[in-house]
Amino acid sequence: MKLPFRIVACLVCVFMYQSVAVAAEDPNATVQSVQDTQEKQAQPATQNSQDVKLPRWIRKILGEKTKAKGPPEVSNPTPYGETQPTTPLYQTIPGFLQAPYGPPAFGPPFGTTHLLGDWGGVQPWLQKRGLYLAFDVYEDLAGNVSGGKKRDESVAGQVGVTLDVDWEKLLNAGSWSRDLWLHLLVVNGHGRNLSRLFGDNDNQVQQIYGSRGNVIAHMVWAYFEKAWLDRKIDMSVGWIPTGVFFQNSPWVCNFMNVWLCGGEAPTKFMTGGRGWPSGNIGTVLRLMPIRQFYIMGGLFAVSPHAYNGGISGWSWAQDGLGKLSTQVELGWIPEFGRNHLIGHYKVGVMYDNSRYNHLYEDINGEPWVLSGLPARRESGQTSLWVIADQMLLRHGPGELNGLILGGYYAYGSGQTSQINHTLVGVLMDTGAAWNRPLDSVGIAVLWANFSRSAILAEEAAATHGLPLPGANFGVPYGIQGHETIYEAYYGFHIMDGLSIKPDFQYVNHVGGTRTFKDAVVLSTAVNIAF
């Protein structure tokens with residue numbers, strides 16, 4: 001994306017001003033607990049480009065920010081803009097932000113993270129009328145500097161537009177419209193899949209790539225949400241990516257690898273649990289009797305096509321939608337000690353009552369790749385997941401402002417899914433120790449095991465000189481076993497609405513095989529929330 005020289009100079013100037021200002025801060029001045037923050041809401045713990053005296057021409061570009069009155073509104077991450085500041089859990093105004101993990105992943109930036117300030121007063125005018133609008137641009141330059149099928153590079157990115165409507169404000173209506181919302185997200189994606197270029201059809205090292213289609217506007221979600229009893233009961237109905245609600249936590253999209261972001265593997269690669277940016281017609285009901293516990297269930301129509309809603313996401317009346325996917329999740333969100341060390345612990349299950357081809361057996365129990373007979377049809381497909389994270393040290397008021405240890409385990413039916421086990425461990429922190437409290441740093445290890453049924457089919461085909469069969473994780477280049485990703489990132493919070501994230505990934509057993517040498521991938525992502 002090319003920016004005018006004047007704007008580029010503005011960003012560099014602001015970054016230099018902020019670096020000087022932050023370096024002068026007392027590192028011991030970081031807020032140590034959510035409770036302290038609630039008592040000092042007039043002094044939010046965020047880096048603010050307006051706190052530094054900037055030249056007048058820069059202030060004209062950025063605009064002036066309107067100070068919120070009353071409880072602080074959320075400045076949660078834009079689509080794939082993970083280093084934006086967040087307010088403490090449950091200090092939110094809109095009902096839909098009371099998701100089981102705090103602000104929902106990929107949610108709208110509420111009022112304070114726009115690069116261009118308040119748009120010259122436009123944002124306050126819209127929000128007063130219940131309209132929350134945001135534009136986001138994400139660009140990622142990535143390349144494998146060694147290993148893989150060949151060395152290559154790719155630029156992948158998207159432009160996203162979110163609109164959230166508070167019907168009570170918009171209509172000035174009665175109690176029936178309280179906590180009634182409409183949520184819309186449309187994206188335009190571009191770029192090539194780097195992983196496929198270097199020989200990995202099973203994994204994607206670029207967070208933003210995939211499932212957007214070659215269209216101007218791809219529909220990600222469009223759903224109504226209504227809450228009752230002070231948001232203890234919350235229901236959403238419409239076009240919903242299942243991973244926005246289920247098998248998700250606030251840290252998963254801090255990392256680039258798609259096995260993590262937008263829902264975890266293998267569930268998100270199974271037809272009944274396709275994650276962001278693929279939507280599903282369905283409904284979600286969440287019961288949250290106390291703020292530390294929830295139970296959530298969802299029912300979604302299963303699309304038998306390669307793209308849910310067609311390549312554009314707008315064709316909701318597809319044929320063959322007779323089967324259903326059910327997801328249930330239990331969550332516990334404790335806070336320990338005087339510093340409110342927050343944790344997220346959740347367990348869930350998905351069952352899809354569709355019928356799928358067995359990866360190895362034909363109708364007689366023999367390998368179908370050799371017999372030529374139709375594959376045996378399996379009734380139903382199941383996935384399980386366990387996700388946990390715990391803050392060990394707090395460095396600021398938000399959910400991610402501290403040292404966090406986390407991970408997950410997920411299972412998918414190996415008879416119908418190429419990958420049947422995944423295991424992930426992560427360690428994350430902010431830059432508070434070096435006076436960059438809104439920067440973020442993290443490491444992760446992602447391991448995936450390919451199912452015995454998939455391996456048997458590949459071995460049978462290879463033995464007889466036949467093409468290797470593929471399934472929901474693509475066509476392999478060799479006999480598969482397991483694949484491991486080692487990832488590390490550093491996210492620079494340049495200013496409100498602007499972040500830059502360099503990332504390193506080491507891919508062991510590219511595509512789950514030993515066909516190619518291990519790949520080293522370097523990338524840098526830029527996220528701008530206008």
Side-chain angles (χ1 to χ4, degrees), residues 76-77 79 96-107 183 185 211 220-225 227 231 233-253 255 258-288 293-303 308-309 323-333 343-354 380-389 399 406-413 417 419 421-422 424 472:
N76 59 300
F96 81 101
L97 291 178
Q98 292 282 13
Y101 40 82
F106 329 120
H183 309 300
L185 171 60
S211 301
V220 178
W221 65 56
Y223 65 94
F224 287 93
E225 181 173 24
R231 307 180 188 117
I233 302 175
D234 187 286
M235 175 175 282
S236 298
V237 179
W239 188 256
I240 303 172
T242 66
V244 172
F245 290 90
F246 296 91
Q247 37 141 3
N248 206 337
S249 274
W251 50 268
V252 293
C253 281
F255 297 90
V258 172
W259 277 357
L260 265 173
C261 189
E264 284 73 46
T267 312
K268 66 176 292 182
F269 294 95
M270 301 170 77
T271 307
R274 286 173 178 164
W276 201 102
S278 291
N280 306 267
I281 295 176
T283 182
V284 177
L285 176 65
R286 184 179 68 244
L287 305 179
M288 208 167 187
F293 174 80
Y294 70 87
I295 179 171
M296 181 167 57
L299 189 65
F300 303 96
V302 178
S303 172
N308 291 11
K323 299 298 183 179
L324 298 173
S325 170
T326 304
Q327 300 192 41
V328 177
E329 185 175 279
L330 303 176
W332 178 45
I333 314 173
H344 304 83
Y345 300 87
K346 51 192 69 179
V347 58
V349 59
M350 179 199 77
Y351 179 76
D352 172 9
N353 68 359
S354 306
Q381 194 174 54
T382 302
S383 177
L384 306 171
W385 60 87
V386 178
I387 307 175
D389 63 78
E399 285 187 285
Y408 80 80
Y409 165 77
Y411 163 81
S413 301
S417 174
I419 291 179
H421 298 285
T422 57
V424 172
N472 57 326

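Not measured: the values here are computed from a predicted model.
Y409 has its side chain out of reach of V424: every pair of non-hydrogen atoms, C-beta onward, lies at least 4.5 Å apart. Annotation: side chain of V284 is in contact with side chain of M296 (closest heavy-atom distance under 4.5 Å). Looking at F224 and H183, their side chains never come closer than 4.5 Å, going by heavy atoms from C-beta outward. Annotation: side chain of I240 is in contact with side chain of Y223 (closest heavy-atom distance under 4.5 Å).
Atoms CG and CD1, from L324 and I281 in turn, are 11.0 Å apart once rounded to the nearest 0.5 Å. Rounding to the nearest 0.5 Å gives a distance of 5.5 Å between CD1 of I333 and NE2 of H344. Considering OH of Y408 and CH2 of W259, their distance stands at 8.5 Å, rounded to 0.5 Å. Rounding to the nearest 0.5 angstrom, the gap separating the CD1 atom in I233 from the CG atom in L285 is 7.5 Å. Once rounded to the nearest 0.5 Å, the distance linking CZ of R286 with CD of E225 reads 6.0 Å. A distance of 13.0 Å separates CD of E264 from CZ of F246, quoted to the nearest 0.5 Å.
Nearest approach of K323 to S354, heavy atoms of both residues: CB-OG, 3.0 Å. When all heavy atoms are compared, the tightest approach of W385 to V328 is CZ2-O, 4.2 Å. Looking at every heavy atom in both residues, D389 comes nearest to S249 through OD2-OG, 3.7 Å. Counting all heavy atoms, side chain and backbone alike, A410 lies closest to A265 at CB-O, 3.5 Å. Closest of all the heavy-atom pairs between V258 and F269 is CG1-CZ, 4.3 Å.
Here the side chain of S417 pairs a donor or acceptor atom with the backbone of I419 at under 3.5 angstrom. The backbone N or O of G243 lies less than 3.5 Å from a partner atom in the side chain of N248, making a donor-acceptor pair. Side-chain N or O atoms of S383 include none that pairs as donor or acceptor with a backbone N or O of M350 at under 3.5 Å. A donor-acceptor pair is defined here as one N or O able to donate and one able to accept, closer than 3.5 Å; no such pair exists between the side chain of S236 and the backbone of T283. The closest donor-acceptor contact from the side chain of S303 to the backbone of N308 lies at 3.5 Å or more, if one exists at all. No donor-acceptor pair under 3.5 Å is formed between the side chain of T382 and the backbone N or O of Y351. The backbone N or O of Q247 sits nowhere less than 3.5 Å from a side-chain atom of K268 that would complete a donor-acceptor pair. Distance alone, capped at 3.5 Å, is enough to place a donor-acceptor pair between the T242 side chain and the R274 backbone.
Looking at E329 and Y294, their side chains do bring a donor and an acceptor atom within 3.5 Å of each other. Side-chain atoms of N280 and W239 form no donor-acceptor pair, as typed in the model, at a separation below 3.5 Å.
For Y411, the ring pair (Phe, Tyr, Trp, His ring centres under 6.0 Å) test picks out H421, with sequence neighbours left out.
A distance below 6.0 Å separates the ring centres of Y345 and W332.
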